[in-house]
Amino acid sequence: MVAGFSVLGFGWIALRPDVYSKHQVVLEQQFHLPPDVEYALLESDKSGKYSHTNIRAIVQFTPGQYNNYVRSFDDEALWSMQPFKWGRFEIEAPGSQRAMTWWDTNEAFHDGSSFSHYLSWGHNQDAVWDATPAHSFCFAVVGEGAGQQVYQCGDYQEGPRPKVFVRGFVDSSEQRLYAYIST
């Protein structure tokens, strides 16, 4: 089934290489991916009346890449907020270390959050729902300009819908990263 997603994803990317290349650079920056990583799925789009901008990726690590990647989760210097542009939003607010933390299982998504319904992985993403997270990562960007704040997803309780979500989880049995950035 993942192969089918890859074909569809790469088909869309071929039609919109401008969107794809910008999104892939941000994905690789925010998730600190090794340069020679393999993608089982990589699809990017900008669509809809409200210009939702998304990228979905399933990264297939080699055993060595996987071990190094998981070991990096404790490196606070590496996992710190990296400014980026996503759609029309400039993300420049400093994120707390808590927002940049990898959590056990799916704790990054559910720790009391009032907006878990915003954390969709998109349509037809069966591979995501079949995986069991060993580690999860999620931050939300709220506001713009000087009032912008970055929250760990589980810490954001009430207020306006966040402008951008960056989330991912690692499946240890398949040695994969599932990553999603969206507006």
N/O donor-acceptor pair under 3.5 Å between Q152 side chain and S96 backbone = no
Residue pair M81 / P83: nearest heavy atoms and the distance that separates them | O-CD, 3.9 Å
So, for D171 and Y66, which heavy atoms are closest and what is the spacing to 0.1 Å?
-> O-CE1, 4.3 Å
Tell me, with the steps shown, if N68 and F61 meet side chain to side chain contact (heavy atoms under 4.5 Å, CB included).
-> CA-CA 10 Å; N68 289 336; F61 295 113; over 6 Å; no
Residues F139 and C153: closest non-hydrogen pair is N-SG, 3.5 Å
Go through the steps to decide whether H32 and Q82 satisfy the test side chain to side chain contact (heavy atoms under 4.5 Å, CB included), and finish with yes or no.
-> CA-CA 10 Å; H32 308 288; Q82 304 292 317; 4.2 Å; yes
Counting only N and O atoms by type, is there a donor-acceptor contact under 3.5 Å from the side chain of E76 to the main-chain atoms of Q97?
-> no
Which distance, rounded to the nearest 0.5 Å, do you find between the NE2 of H23 and the CD of E43?
-> 12.5 Å
Apply side-chain hydrogen bond (donor to acceptor under 3.5 Å, both in side chains) to D75 and list each qualifying residue two or more places apart in sequence or on a separate chain.
-> none
Verdict with reasoning, V26 to K22, per side chain to side chain contact (heavy atoms under 4.5 Å, CB included) = CA-CA 7 Å; V26 172; K22 290 176 187 175; 6.0 Å; no
What distance do Q30 atom CD and F84 atom CZ have between them, rounded to the nearest 0.5 Å?
-> 4.5 Å
Under the side chain to side chain contact (heavy atoms under 4.5 Å, CB included) rule, what do I181 and W86 come out as? Steps first, then yes or no, please.
-> CA-CA 9 Å; I181 303 174; W86 194 254; 3.5 Å; yes
Between the side chains of S182 and R56, does any donor sit under 3.5 Å from an acceptor?
-> no
Interatomic distance, W102 atom CH2 to S136 atom OG [nearest 0.5 angstrom] = 7.5 Å
Give the minimum heavy-atom separation between I58 and R176, together with the two atoms involved.
-> CG2-CD, 3.6 Å
Report the distance from atom CD of E92 to atom CD of Q148, rounding to the nearest 0.5 Å.
-> 7.0 Å
CH2/W103 to CZ/R98 distance, rounded to the nearest 0.5 angstrom?
-> 3.5 Å
Taking atom CG of L42 and atom CD of Q24, what is their separation to the nearest 0.5 Å?
-> 5.0 Å
Sub-4.5 Å side-chain heavy-atom contact between P162 and V142 = yes
Please say which of F137, Y69, F169 ends up in a ring-ring contact (aromatic ring centres under 6.0 Å, His included) with F31.
-> F137
Least distance between heavy atoms, Q60 atom then Q175 atom = NE2-O, 3.2 Å
Could you tell me whether the side chain of L33 reaches within less than 4.5 Å of the side chain of L177, counting heavy atoms only?
-> yes
For V150 and G95, the nearest pair of non-hydrogen atoms, with its separation, is CB-CA, 3.8 Å
For E38, which residues count as a side-chain contact (heavy atoms from CB on, under 4.5 Å) partner, sequence neighbours excluded?
-> none
Report yes or no: do W79 and T101 form a side-chain donor-acceptor pair below 3.5 Å?
-> no
Quick one: does Q149's side chain have a donor or acceptor within less than 3.5 Å of a partner on A93's backbone?
-> no
